[in-house]
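Reviewing the structure listed below.
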Amino acid sequence: MTLRQKLAKTFPFLRLWHSALMRVRYRMRMRLDGNRYAAEKEACLLPHVLQRYQSTLINPNTGYPMEYQRNKVYNLRLACPTADHLLIRPGETFSFWRLVGQAERMGRFRDGLCLVNGQIEPVRGGGLCQLSNLLYALFLHTPLTVTERHPHSTESFPPPPAAGSPTDQLPAGVDATVSEGRYDLRVHNGTQTTYQLVLHVESECLRGELRADREPEEAYRLFTQDEALQKEEGALYHIGSLWRARLDPLTGEELSREKLYDSRQRLDYDLPEQDGGQEVVA
């Protein structure tokens with residue numbers, strides 16, 4: 001533990017002060033960076049659906065009081081309207097925090113679970129990464145340019161029971177952690193197409209879709225290769241490489257494929273005894 005981490009643990013107000021300072025500095029930099037940020041919404045839906053994803057809201061497998069799961073859902077209900085029906089026009093940049101940072105005008109975020117300095121802690125606004133993960137997955141199904149994205153270093157909880165939909169589970173390694181003032185999710189629209197986000201928090205799942213004002217010239221498919229569990233210095237890591245295939249939108253024929261990146265996340269939970277789906281390698 002670093003000296004700064006020790007001081008923050010001993011004097012919690014220092015962490016709050018530092019977080020507030022980071023947020024102010026981050027917003028000032030955004031004002032001066034020359035980007036044109038997406039802010040306009042349109043009630044009418046754009047005609048072409050490019051991709052849909054959903055993720056289960058309540059995870060009973062965290063080992064922590066369910067109050068924090070309910071708080072996460074509350075936080076997502078505050079956050080989603082800030083980006084729902086948002087248009088990302090040509091030349092514009094989408095910023096997660098430029099939008100979601102305004103959510104508390106409608107109500108104060110509650111404490112949800114977050115990884116802080118390697119430990120799970122209740123943090124105001126915790127759980128918003130579920131939204132950033134879903135948004136990032138949607139963006140990867142477009143030619144939008146991801147200009148800022150930060151992976152999770154640790155997978156803290158086992159996944160929740162599947163909701164039964166083939167779109168419920170995002171491919172391994174498709175994630176984007178966010179922390180206001182430190183980590184943002186940003187994409188730039190360098191195309192001639194206008195895109196639109198549609199987001200819903202329902203009783204059991206978070207749903208999102210990405211739409212466009214014109215038919216896509218190509219479709220995309222995400223998949224993971226070389227997935228494995230790797231043991232290193234007593235810790236277990238989930239490793240793999242994320243790939244994206246370009247498809248003909250009419251026939252589904254694969255036109256090309258590219259490796260996006262390698263992913264590596266430490267598993268911070270015990271695997272079930274009967275889980276033999278993946279081989280553990282040294």
Side-chain angles (χ1 to χ4, degrees), residues 46-55 88 90-94 96 129-155 159 162-163 165-178 183-198 206-230 232 236-267 277-281:
L46 297 183
H48 302 287
V49 178
L50 304 183
Q51 182 64 30
R52 291 187 175 102
Y53 276 116
Q54 68 181 41
S55 60
I88 309 174
E92 291 186 335
T93 295
F94 167 90
F96 182 90
C129 287
Q130 185 163 349
L131 175 58
S132 58
N133 290 346
L134 182 140
L135 288 172
Y136 178 56
L138 291 173
F139 292 144
L140 288 181
H141 287 270
T142 72
L144 294 172
T145 303
V146 179
T147 57
E148 183 178 352
R149 171 256 176 185
H150 304 272
H152 289 85
S153 61
T154 302
E155 188 175 324
S165 167
T167 59
D168 189 64
Q169 295 296 328
L170 304 184
V174 179
D175 71 312
T177 185
V178 287
Y183 302 136
D184 200 1
L185 172 64
R186 297 190 193 189
V187 296
H188 177 71
N189 187 359
T191 76
Q192 296 304 308
T193 299
T194 295
Y195 296 92
Q196 183 182 41
L197 290 169
V198 182
L206 170 66
R207 295 184 188 270
E209 65 182 39
L210 192 62
R211 291 175 168 258
D213 65 346
R214 63 184 69 186
E215 291 187 3
E217 296 179 359
E218 54 193 20
Y220 299 89
R221 177 174 61 89
L222 304 177
F223 60 97
T224 306
Q225 289 190 338
D226 303 320
E227 240 185 309
L229 298 174
Q230 184 178 65
E232 182 179 321
L236 194 61
Y237 293 86
H238 186 187
I239 63 173
S241 56
L242 183 68
W243 289 71
R244 179 168 65 175
R246 292 173 54 249
L247 311 174
D248 184 300
L250 297 178
T251 66
E253 177 186 357
E254 183 173 318
L255 304 176
S256 66
R257 59 174 57 187
E258 62 174 332
K259 180 180 176 180
L260 298 180
Y261 52 77
D262 293 318
S263 64
R264 183 175 184 269
Q265 289 184 331
R266 190 187 72 197
L267 298 185
Q278 291 179 349
E279 180 182 1
V280 178
V281 297

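Keep in mind the model is a prediction, meaning the values are calculated, not measured.
Scanning for ring pair (Phe, Tyr, Trp, His ring centres under 6.0 Å) contacts around Phe139 gives Phe94, with sequence neighbours left out. Legend: residues meeting salt bridge (charged side-chain N to carboxylate O under 4.0 Å, His left out) with Arg257, ordered by chain and number and at least two apart, are Glu254. Contacts of Tyr220 classified as side chain to side chain contact (heavy atoms under 4.5 Å, CB included), with partners at least two apart in sequence or in another chain: His141, Pro143, Glu218, Arg244, Arg246.
Minimum interatomic distance between Gln230 and Arg264 (heavy atoms only, all atoms of both residues): OE1-NE, 4.1 Å. The heavy-atom pair separating Glu148 from Asp184 by the smallest distance is OE2-N, 3.1 Å. Looking at every heavy atom in both residues, Pro249 comes nearest to Pro216 through CG-O, 3.5 Å. Residues Val146 and Leu140 come closest through the heavy atom pair CG2-CD2, 4.5 Å.
In this structure, the side chains of Thr142 and Thr193 stay at 4.5 Å or more apart for every pair of heavy atoms. Under the 4.5 Å side-chain criterion, counting only non-hydrogen atoms from C-beta, Gln265 is in contact with Asp175.
Ring planes of Tyr261 and Tyr136: parallel class, angle under 30° (limits at 30 and 60°).
Of the possible polar contacts, one joining the Asn133 side chain to the Ala176 backbone as a donor-acceptor pair under 3.5 Å is found. At distances below 3.5 Å, at least one donor-acceptor pair connects side-chain atoms of Thr224 with backbone N or O atoms of Ala172. Side-chain atoms of Arg211 come within 3.5 Å of backbone atoms of Leu46 as a donor-acceptor pair (strictly under, hydrogens ignored).
Here the straight-line distance linking atom CG of Asp262 with atom CD of Gln225 works out to 11.0 Å at 0.5 Å rounding.
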